[in-house]
Amino acid sequence: NSSYSCWLRYKRFKDTDLAQKYLKWCSNIAAFEDTSVIQSALSEVNIGINGMLGVKPIISGSIDKPSFIFIGTLEKLKAVDISIDVNDENDIGDEGFLIKSVKTGDKDYIIVTGKTDKGVLYGTFSLLRLISTNTELDGIKRLENPSNPLRIINHWDNIDGSVERGYAGKSIFYANNKITGNLKRIRDYGRLLASIGINGIAINNVNVHKMETRLIREDFLPYVARIANVFREYGIKTYLSINFAAPIEIGDLNTADPFDADVKIWWKKKAEEIYSYIPDFGGFLVKADSEFRPGPFTYNRNHADGANMLAEALVPYGGIVIWRCFVYNCLQDWRDRKTDRAKAAYDHFMPLDGMFLDNVILQIKNGPMDFQVREPVSPLFGGLKKTNTILELQVTQEYTGQQKHLCYLVPMWKEILDFDTYAIGKGSNVKKIVNGKPFNNKYGGIAAVGNVGDDMNWTGFQLAQSNLYGFGRLCWNPDLSKEEITDEWIKLTYSTDKAVVDTISKMLLNSWRIYENYTSPLGIGWMVNPNHHYGPNVDGYEYDKWGTYHRADCKGIGVDRTVKNGTGYTKQYHKENAEMYENLETCPEELLLFFHHVPYIYKLKSGETIIQHIYNTHFKGVEQAINLKEQWKSIKEMVDFDIYQHVIERLEGQIEHAKEWRDVINSYFYRKTGIKDELDRTIY
Ligand code: BDP
């Protein structure tokens, strides 16, 4: 199945002249198979060159050939007496690499080097990507360092094999309350992740239930270690989500109070035990006091108390605690118009800024609510200044079509990363804040809830592979443009044919807006079926306690979050943004209903009223979904038939479902308001 290899397809070159050009260097690899990470790099070179050029490269420690590719650390480079510019040498960071073409006398070779074996691995994947996308190597020089130190995937996998919010089959890690023995699949996953620069993976759900709590028990740890061993070969550290109440649930304590001496000892011993199995264990990911998970609140302790206690246990081993800020009261009173779930994370964590140990990292969802199709950026970014933070995104499409709809999220993530928080003046974009540098934080980075399961194509919908790819590339370099990332993915996955690249790129880049058009309008969010979150249900969440409202009545819609008349959420932002959102005139229209309650006849800048905008976008969204299929059909002859057919089926499903969305939303608002569509289209 051609979908299985994702963007590592290494298809045979049709253009023999081009192949010949690359072959000059690729036939001979100068390398030393010293560490397992380097071995992974060499094995990849073998697969890649074999696939693309049909030649098995000769790998040897020799640089005697007139042309070759050197693959190895700076240290090994020196050992064979190749020197590089000292400035370059100094510029290469711990995970960075240099790819450089060198011509001297009778030699013409390419260097792929890094300070560490991980850097070499990333450089190797990068070189293979350059070849796959037909990039000129003559005279090439690429020196890259990742922008973010932590680049992590969170798996919401349960040990029974189910995946919370997973839309691609079952877990690749677990089945029937056991850890899988299928390490081949894990290895293939490691390759995919390393190729896009991911260096950490949390392998179990943040909702750690009874069975998953046992993953840190001695009967499970050897099996966790087997997974960690595979990922290690790809430079990926393994993390586990833990249950804050583990000392009670799997220990013999009757408290999990972070101030209790026995609890502290329990975690210290636990850490020692874990590290005896996995010496480079990444650390703990923790969801505490949220959605019925246990946490320090039970003992009247705050989240710094809880996180620091765990962090202390990990200090001797260099481990970290990634503590999630997704904390809110999920039983809040909907009649009280001052309580606002959007305010919760900031209210909980801002007062604790500066109180966390330096191996604690707060993981903050991109928006204040929960991965809606459109949300403002969480005010904790740029709010917190004395605490390590990382951004949490959701690659799995929980609220964005569940991998049945095409919804390419890179454009959304780019907007988030480029958002200016004004934390330290203009230009304090999220992408700068999260890498930790502006505040001299020890750690920084980006994490995301993954979208992979045991389906043959990994992501259920083959086109959803692009979201995983794009996520990794943005973690590595958030300055890459969405077009660059998209083109790369298409070339690596399908072909370098211009028609294919242009068509699929257009489909992907428009898909988020298309999805937004036929779902919930102007930043209001939700309007989905409760629990599984698929499909339209305007009032599904309106009259229960999860804090997710649209406040629509017959006159108007939207949640007033202004300081003046509403919940006061806007004041959590720095002045520039607070004022922008507070004021109806300057609030970005795509977020209008997130921040303001307005009458349906309120006029948008386009001259459309809110109600007409709702009708128009919903009719348009369906037309656009239909058009996606037409675009895909236009490249039928240029993509593999099985993939072609699979995508057609998904797009047809999307069209039908988009119609359902359109009709449910439009008829709801028509009945609520009695205002007719100006164009007199049929509304059921
Ligand atoms: C929501 C999901 C839920 C997760 C929760 C979380 O619906 O399954 O447990 O977020 O992030 O998006 O903890």
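Bear in mind that the values here come from a model prediction, so they are computed numbers and not experimental data. We count ligands from 1, going down the list as the structure has it; atoms in each ligand are counted the same way.
Salt bridge E516/R374: present, at least one basic N to carboxylate O contact under 4.0 Å. Look at K264 and E312 and you find no salt bridge, because none of the NZ, NE, NH1 or NH2 atoms lies under 4.0 Å from a carboxylate O. In this structure, K365 pairs ionically with D370, as a charged nitrogen and a carboxylate oxygen lie closer than 4.0 Å.
In terms of protein heavy atoms, atom 7 (O) of ligand 1 is closest to E398 OE2, 2.5 Å. Of the protein's non-hydrogen atoms, D370 OD2, 3.0 Å is the one closest to atom 1 (C) of ligand 1. Nearest to atom 10 (O) of ligand 1 among the protein's heavy atoms is K365 NZ, 3.0 Å.
Close approach of ligand 1 to E164 is summarised as follows: ligand atoms under 4.0 Å from at least one heavy atom of the residue are 3 (C), 4 (C), 8 (O), 9 (O). Each of the following atoms of ligand 1 lies closer than 4.0 Å to a heavy atom of N207: 9 (O). For ligand 1 and F326, the ligand atoms under 4.0 Å from any heavy atom of the residue are 5 (C), 6 (C), 10 (O), 11 (O), 13 (O).
Annotation: cation-pi pair R473/W489 absent, no NZ/CZ under 6.0 Å from the ring centroid and within 45° of its normal.
Within the set H532, K287, Q394, R324, the minimum heavy-atom distance to atom 11 (O) of ligand 1 is found for R324.
Only one option out of Y534, Y515, W661 pairs with H405 in a side-chain hydrogen bond (donor to acceptor under 3.5 Å, both in side chains); it is Y534.
Note: F297 and H348 have tilted aromatic rings, judged against thresholds of 30 and 60 degrees for the angle between ring planes.
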